[in-house]
Peer 1: 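Sharing a structure here in structure tokens format.
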Amino acid sequence: MTTQIPTFPHNDFAQNVFGRRSIRRFKPDVTIPREEMIQILAEAGRAPSSMNLQPWRFVVVESAEGKAKLHDQVMTNTPQVETASALVIVFALAHPEHNAQEIYDAAVAQGSMDQATHDRELTEIEGFYGHAGEVPRTKIIGFDSGLVTMQLALVARAHGYDTCIIGGFEGPKVQAAFAPGEGLIPQIIVAMGKADETGYPTVRLPIDEITTFA
């Protein structure tokens, strides 16, 4: 099955990657259409994940009521909450292995995986997650959440929007407000909209200070 590669309104790779900034204040009168947000999230969801289990779910906060729930839970990040067109809460599934059967069955149905590979992969997933403790499980879903978040930030830029990736927030309170009792763990919040500032140019260490050849 051939993957249809979308076209983006802002498709300059260098600008999308190196022009990205963590924006603290957005233009509050900008609205992201619901259909476009769904497209952005679908494109972000093409990020890689461990065993292709895609252990993320998104909650989009765009109403005044939703922002009010977040306002006191985001520490020093209130300007982003107040001005962003939308905030995407990236949740991780506590048990991503529960989706394995559905994902791998679909792969066989569309012809991208043979039955033998399907059976072998499901056996490996069952064996790994059946014995994985809390620490490796937390590490895996956190790693995968980071991958999809970075892809979300770059896809948003390709659609003409800016972002701020927020890691400082009260996780249990955010979970209680937006995903109570669903086995979802909040990982990251991404504020999205049109920048009302230039952002701070970042200072990066020279590559020779952070690279070792062995």
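When reading the values below, keep in mind they use all heavy atoms of this one structure, side chains included, and skip hydrogens, waters and symmetry mates. We're numbering straight along the sequence, starting at 1. Note that the coordinates shown come from a computational prediction; the quantities given were computed from them, not determined experimentally.
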Peer 1: Judged by atom type as modelled, is there a donor-acceptor pair below 3.5 Å linking the side chain of Asn99 to the main-chain atoms of Pro55?
Peer 2: no
Peer 1: Quick check: do Phe128 and Ile140 have side-chain heavy atoms less than 4.5 Å from each other?
Peer 2: yes
Peer 1: Have a look at Asp162 and tell me which of Lys194, Arg157, Arg21 forms a salt bridge (Lys or Arg N to Asp or Glu O under 4.0 Å) with it.
Peer 2: Arg157
Peer 1: Could you go through the side-chain contact (heavy atoms from CB on, under 4.5 Å) check for Tyr129 and His95 one step at a time?
Peer 2: CA-CA 8 Å; Tyr129 280 100; His95 291 278; over 6 Å; no
Peer 1: Mind checking the CG-CZ spacing from Leu154 to Phe8? Nearest 0.5 Å is all I need.
Peer 2: 10.0 Å
Peer 1: Checking Glu43 against His159 for the side-chain contact (heavy atoms from CB on, under 4.5 Å) test, could you report, in this order, the C-alpha distance in whole Å, the side-chain angles of both residues, the deciding distance, and whether it holds?
Peer 2: CA-CA 11 Å; Glu43 291 161 357; His159 280 262; 2.8 Å; yes
Peer 1: Any side-chain to backbone donor/acceptor pair from Ser49 onto Asp144? Under 3.5 Å, distance only.
Peer 2: no
Peer 1: Determine whether Thr83 and Asp196 make a side-chain contact, defined as any pair of heavy atoms from C-beta on separated by less than 4.5 Å.
Peer 2: no
Peer 1: Write down the atom of Arg20, the atom of Ala153, and the distance for their closest heavy-atom approach.
Peer 2: CD-CB, 4.2 Å
Peer 1: I'd like to check the side chain to side chain donor-acceptor pair (under 3.5 Å) partners of Asn52; sequence neighbours left out, ordered by chain and number.
Peer 2: Gln54
Peer 1: Which heavy-atom pair separates Pro186 from Phe169 by the least distance, and what is that distance?
Peer 2: CB-CE1, 3.8 Å
Peer 1: To the nearest 0.5 Å, tell me how far Ile89 CD1 sits from Phe178 CZ.
Peer 2: 4.5 Å
Peer 1: If you take all heavy atoms of Thr76 and Pro79, which pair is closest and at what distance?
Peer 2: O-CD, 3.7 Å
Peer 1: Are any non-hydrogen side-chain atoms of His98 and Leu93 less than 4.5 angstrom apart?
Peer 2: no
Peer 1: Is the shortest side-chain heavy-atom distance between Arg137 and Pro96 below 4.5 Å?
Peer 2: yes
Peer 1: Check whether any side-chain heavy atom of Val148 lies under 4.5 Å from a side-chain heavy atom of Phe58, and answer yes or no.
Peer 2: yes
Peer 1: Going from OG1 on Thr149 to CD1 on Ile189, what distance comes out if it is rounded to the nearest 0.5 angstrom?
Peer 2: 10.5 Å
Peer 1: If we ignore hydrogens and angles and just use 3.5 Å, is the side chain of Lys67 paired with the main-chain N or O of Ala84 as donor and acceptor?
Peer 2: yes
Peer 1: Give the minimum heavy-atom separation between Leu53 and Ile103, together with the two atoms involved.
Peer 2: O-CD1, 3.7 Å
Peer 1: Which pairs count as salt bridge (Lys or Arg N to Asp or Glu O under 4.0 Å) when at least one residue sits in residues 23-34, sequence neighbours excluded?
Peer 2: Arg34-Glu62
Peer 1: If you count every heavy atom of other residues, nucleotides or ligands that lies below 6.0 Å from Glu134 atom CD, does the total exceed 12?
Peer 2: no
Peer 1: For Pro206, check side chain to side chain contact (heavy atoms under 4.5 Å, CB included) against everything at least two apart and list the hits.
Peer 2: Asp208, Glu209
Peer 1: Is there a side-chain contact between Val88 and Met37, using heavy atoms and a 4.5 Å cut-off?
Peer 2: yes
Peer 1: Looking at every heavy atom in both Ser145 and Gln187, which two are closest together, and how far apart are they?
Peer 2: OG-CG, 3.3 Å
Peer 1: Can you tell me how far apart CG (Asp105) and CG (Leu122) are? Round to the nearest 0.5 Å.
Peer 2: 7.0 Å
Peer 1: Pick from Leu152, Ile23, Val60, Leu87: which one makes a side-chain contact (heavy atoms from CB on, under 4.5 Å) with Met192?
Peer 2: Leu152
Peer 1: Can you confirm whether Thr78 sits close enough to Val74 that some side-chain heavy atom of one is under 4.5 Å from a side-chain heavy atom of the other?
Peer 2: yes
Peer 1: Apply the test side chain to side chain donor-acceptor pair (under 3.5 Å) to residues Glu35 and Gln39: give CA-CA distance (whole Å), side-chain angles for both, the deciding distance (0.1 Å), then the verdict.
Peer 2: CA-CA 6 Å; Glu35 296 78 11; Gln39 182 181 358; over 6 Å; no
Peer 1: Other residues, nucleotides and ligands only: do more than 12 of their heavy atoms fall within 6.0 Å of CD on Glu126?
Peer 2: no
Peer 1: Using 0.5 Å steps for rounding, measure from the CG atom of Asp119 to the CG atom of Asp114.
Peer 2: 9.0 Å
Peer 1: Find out whether Gln151 and Arg46 are in side-chain contact, i.e. whether some heavy atom of one side chain is under 4.5 Å from a heavy atom of the other.
Peer 2: yes
Peer 1: List the atom of Ile188, the atom of Gly146, and the distance in Å for their closest heavy-atom pair.
Peer 2: CD1-CA, 4.3 Å
